[in-house]
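The structure under discussion appears below in the form of structure tokens.
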Amino acid sequence: MALDSKVPKGPIKDKWTDYKNKINLVNPANKRHIDVIVVGTGLAGGSASATLAELGYNVKAFAYQDSPRRAHSIAAQGGINAAKNYQGDGDSTYRLFYDTVKGGDYRSREANVYRLAEVSANIIDQCVAQGVPFARDYGGLLDNRSFGGVLVSRTFYAKGQTGQQLLLGAYSAMNRQIARGKIEMFNRHEMLDVVIVDGKARGIIARNLITGEIERHSAHAVVIASGGYGNVYFLSTNAMGSNTTAAWKIHKKGAYFANPCYTQIHPTCIPRSGDYQSKLTLMSESLRNDGRIWVPKNMDDVLAIREGRKKPTDLSEEDRDYYLERRYPAFGNLVPRDVASRAAKERCDAGYGVNATGEAVYLDFASAIERYGKEQAKIQGIDNASKEKIIALGENIVEAKYGNLFQMYEKIVDENPYKTPMMIYPATHYTMGGVWVDYNLMTTVPGLYCIGEANFSDHGANRLGASALMQGLADGYFVLPYTIGDYLADDIRTGPISTETKEFEDAEKDVRDRVDFFINNNGTKSVDYFHKRLGKVMWDKVGMARNEKGLKEAMAEIKAIREEFWKEVKVPGNANEMNPELEKAGRVADFLELGELFAKDALIREESCGGHFREESVEESGEQKGEAKRNDKDFAFVAAWEYKGEPADAVLHKEELEFNDIELKQRSYK
Amino acid sequence: MNLTLKIWRQKDASSKGQMVDYKVTDISEHMSFLEMMDVLNEQLINSGEEPVAFDHDCREGICGMCSMYINGEAHGPDRGVTTCQLHMRMFKDGDTITIEPFRAAAFPVIKDLVVDRTSFERIQQAGGYISVNTSGNTQDANALPISKHAADEAMDAATCIGCGACVATCKNSSAMLFVGAKVSQYALLPQGQVEAVDRVKNMVAQMDLEGFGNCTNTGACEIECPKGISLDNIARMNRELMKASVKG
């Protein structure tokens with residue numbers, strides 16, 4: 001099947017408006033007769049559910065947690081971008097569009113990104129109207145901060161809990177519709193397959209996670225909003241339950257999976273402390289507004305710090321290597337995430353890591369505390385303030401900005417980050433790749449949509465900070481509710497979709513067989529045993545730096561782990577009860593397939609772009625020596641994979657990327 | 001360190017539960033409490049027993065899913081943390097730790113340490129929202145200046161994670177801190193004024209219907225709240241309710 005992105009014709013700035021004017025609509029009286037299933041209730045799924053219900057569709061929403069409010073969007077800390085230009089610093093829709101395409105290393109679809117930038121301003125209006133308590137300045141207007149990879153201040157925030165507040169906003173909009181009966185909410189339910197009838201997505205099979213019951217649910221369209229697949233690495237900043245199952249199931253039923261190798265390794269996470277570690281914790285990128293990243297210049301100091309003979313605060317300015325400021329003077333500590341992560345890895349690989357594992361760098365707030373302290377002393381009219389006074393005043397400001405993050409750090413690491421620099425190291429955080437969708441956010445299966453992190457479209461090979469929340473809400477509030485109408489306009493006479501058909505029966509049988517297999521397998525090893533092994537292969541060979549040899553090994557090793565998994569996995573308990581191990585087994589089985597496709601995708605992409613760094617593709621000379629080398633001639637395409645059984649047999653379809661409004665350039669943050 | 005765990009085991013909502021003793025060894029002080037539970041579960045799986053079911057997800061203190069009652073305290077002995085943020089350095093070698101589910105009539109046990117908190121959902125559905133269409137045709141966000149003080153105070157109330165520690169801690173199983181936080185967030189913002197009367201009435205009525213107890217001002221909820229939601233929110237909710245009853 002040829003990929004058709006269905007991008008409308010016309011100048012980029014008019015595409016979305018013109019398209020909306022011409023799209024098919026469903027009459028309000030007919031919407032009452034149309035059902036839509038939404039899987040996942042984070043920012044994308046929650047906002048889509050609320051908006052679709054408000055438009056008049058009957059929505060059935062599914063979440064594996066006990067409430068939509070628990071979805072992992074809740075953990076997003078730093079903020080949400082919008083081209084409001086409230087700061088008057090030169091921002092515009094075009095600039096947000098440009099920054100996002102450049103930040104994504106020219107591997108995203110222009111028209112989608114422009115639309116995202118276009119609706120971004122509206123998101124802020126919408127959220128304020130909902131009562132989201134964004135940070136404000138003393139004049140009562142909205143405050144902004146800066147994020148990596150841009151030169152303007154366009155990030156709106158609610159302390160370090162922006163994702164929480166935006167999700168609670170979408171959740172409140174959902175609650176209004178649940179109360180009206182327009183959304184039927186299925187908490188503690190997990191989608192285990194999609195049902196295709198006559199080539200169209202017409203329902204799902206879900207497991208009730210309390211009773212174990214396998215249920216059939218039908219609808220006229222199905223929307224997948226199940227988030228990213230970062231947990232393929234076992235350790236990531238994702239929630240423990242975050243999984244790829246919904247996305248992978250639809251892939252197996254015909255939806256192409258795009259660019260799985262584009263994964264974001266976030267530079268500022270709390271380093272790993274031991275083998276028992278179950279997840280990693282992010283420290284918001286917003287900290288890079290005020291924190292300076294460094295390692296010691298001299299190996300003697302590195303060793304002294306590791307052995308506890310010296311403290312980081314003992315080192316003078318001359319003995320510190322602020323390596324981001326040194327390598328990238330224009331952007332300094334605010335380079336994009338992929339660049340910051342690789343730079344940390346480079347220093348640690350060279351032996352300058354500052355903790356026992358050798359995998360940590362410092363994020364230091366001392367100069368920000370001093371700067372804010374002096375500013376406050378002036379504002380408060382304190383002449384000749386003592387150093388202690390200045391530090392105390394500065395710490396108050398830093399606490400007001402990042403208090404919850406500092407507290408989170410202190411609880412985990414047991415060190416006070418106001419007094420000693422934080423230790424950080426990169427960790428898997430977000431997946432730019434995902435289910436392939438067209439301009440309508442429809443997958444290659446008619447009636448099957450994919451939104452938010454679960455799709456691939458907007459972030460190219462690297463996502464800029466504070467853009468995930470923007471995309472989730474843009475898709476759910478402002479894009480999908482329009483585009484889905486175009487499809488559903490043909491369904492106004494269809495009537496309710498029956499679940500008593502062969503298609504539902506077959507899909508249910510497959511799900512039951514798999515559940516029964518796990519329960520009866522009586523293997524010898526736990527699900528986590530396999531998940532950890534998969535994670536190690538992914539991190540070592542498909543992590544921050546990749547090469548041909550390692551990727552080929554990874555594919556073979558993942559296949560071997562998968563084969564062993566199916567022989568030896570042990571799932572205690574029964575099928576017809578709450579059984580967390582059974583849930584995990586299903587999810588890890590899917591990760592074991594995705595992981596191999598991920599490595600295959602990384603193997604064919606013989607260039608470095610964004611989060612995907614191939615050791616074979618670096619600049620050999622000049623100012624950019626050692627930096628990632630992109631190859632636009634051969635690789636300016638989206639790699640969309642068609643399922644053919646074994647992941648290694650997946651068939652590649654290319655969507656060539658055209659750049660009419662942006663000139664392709666080497667990303668330079670120097 | 002080596003520890004003895006006394007854990008509530010209950011097959012399902014209709015079965016009777018009981019405390020069961022387990023031993024775990026070689027626990028590192030750097031582990032989180034839930035990582036210690038992972039060690040126990042791995043041990044149980046390998047010895048052919050059923051692991052202990054417990055709710056958890058983000059493991060960074062924000063989703064509100066984890067919910068254990070540890071040594072008589074919701075989310076355990078530390079302050080300002082959820083169970084997933086509680087670290088084993090709070091315990092000593094040889095300790096016996098008692099782990100129970102959150103106990104309240106409105107939070108029935110589903111299995112082991114997992115409880116049903118959908119009563120919270122229904123309270124939110126009764127009025128925990130502003131009736132504004134998500135169409136995007138709203139006024140510009142800066143058309144409505146809001147004092148920094150009010151916005152900050154609303155934010156403090158809005159940081160509630162809906163974990164239910166307040167209910168589990170309260171001797172009356174009152175949900176007033178939870179409901180007060182949501183009512184306060186909207187009461188402090190101009191956007192919330194239009195529906196203020198109905199909101200507080202409906203949310204409080206639903207709270208009573210769910211079987212939560214009343215507030216007798218002991219303040220235990222505020223101490224155990226992982227997000228430090230202030231008791232002032234309960235006072236504000238009561239004022240709002242009073243105003244609403246006058247306005248009809």
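So you know, we letter chains A, B, ... as the sequences are listed, proteins then strands, and number each from 1.
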[X] side chain to [Y] backbone, donor-acceptor under 3.5 Å:
{"X": "B:Tyr186", "Y": "B:Arg199", "answer": "no"}
{"X": "B:Thr83", "Y": "B:Cys66", "answer": "no"}
{"X": "A:Asn521", "Y": "A:Lys570", "answer": "no"}
{"X": "A:Thr51", "Y": "A:Ala48", "answer": "no"}

[X] versus chain B, the contacting section by heavy-atom distance below 4.5 Å:
{"X": "A:Gln65", "value": "both"}
{"X": "A:Gln164", "value": "side chain"}
{"X": "A:Arg188", "value": "side chain"}
{"X": "A:Val119", "value": "neither"}
{"X": "A:Asn404", "value": "neither"}

Which bit of [X] comes within less than 4.5 Å of chain A, counting heavy atoms only: side chain, backbone, both or neither?
{"X": "B:Asp38", "result": "side chain"}
{"X": "B:Gln124", "result": "both"}
{"X": "B:Leu188", "result": "neither"}
{"X": "B:Asp26", "result": "neither"}

Polar contact flag, side-chain donor to acceptor under 3.5 angstrom, B:Glu195-B:Ser131
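Side-chain D/A pair, B:Glu195 to B:Ser131: present.
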Ring pair (Phe, Tyr, Trp, His ring centres under 6.0 Å) against A:Tyr171, all qualifying residues, sequence neighbours excluded:
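Testing A:Tyr171 for ring pair (Phe, Tyr, Trp, His ring centres under 6.0 Å), a comparison that skips the adjacent residues, returns none.
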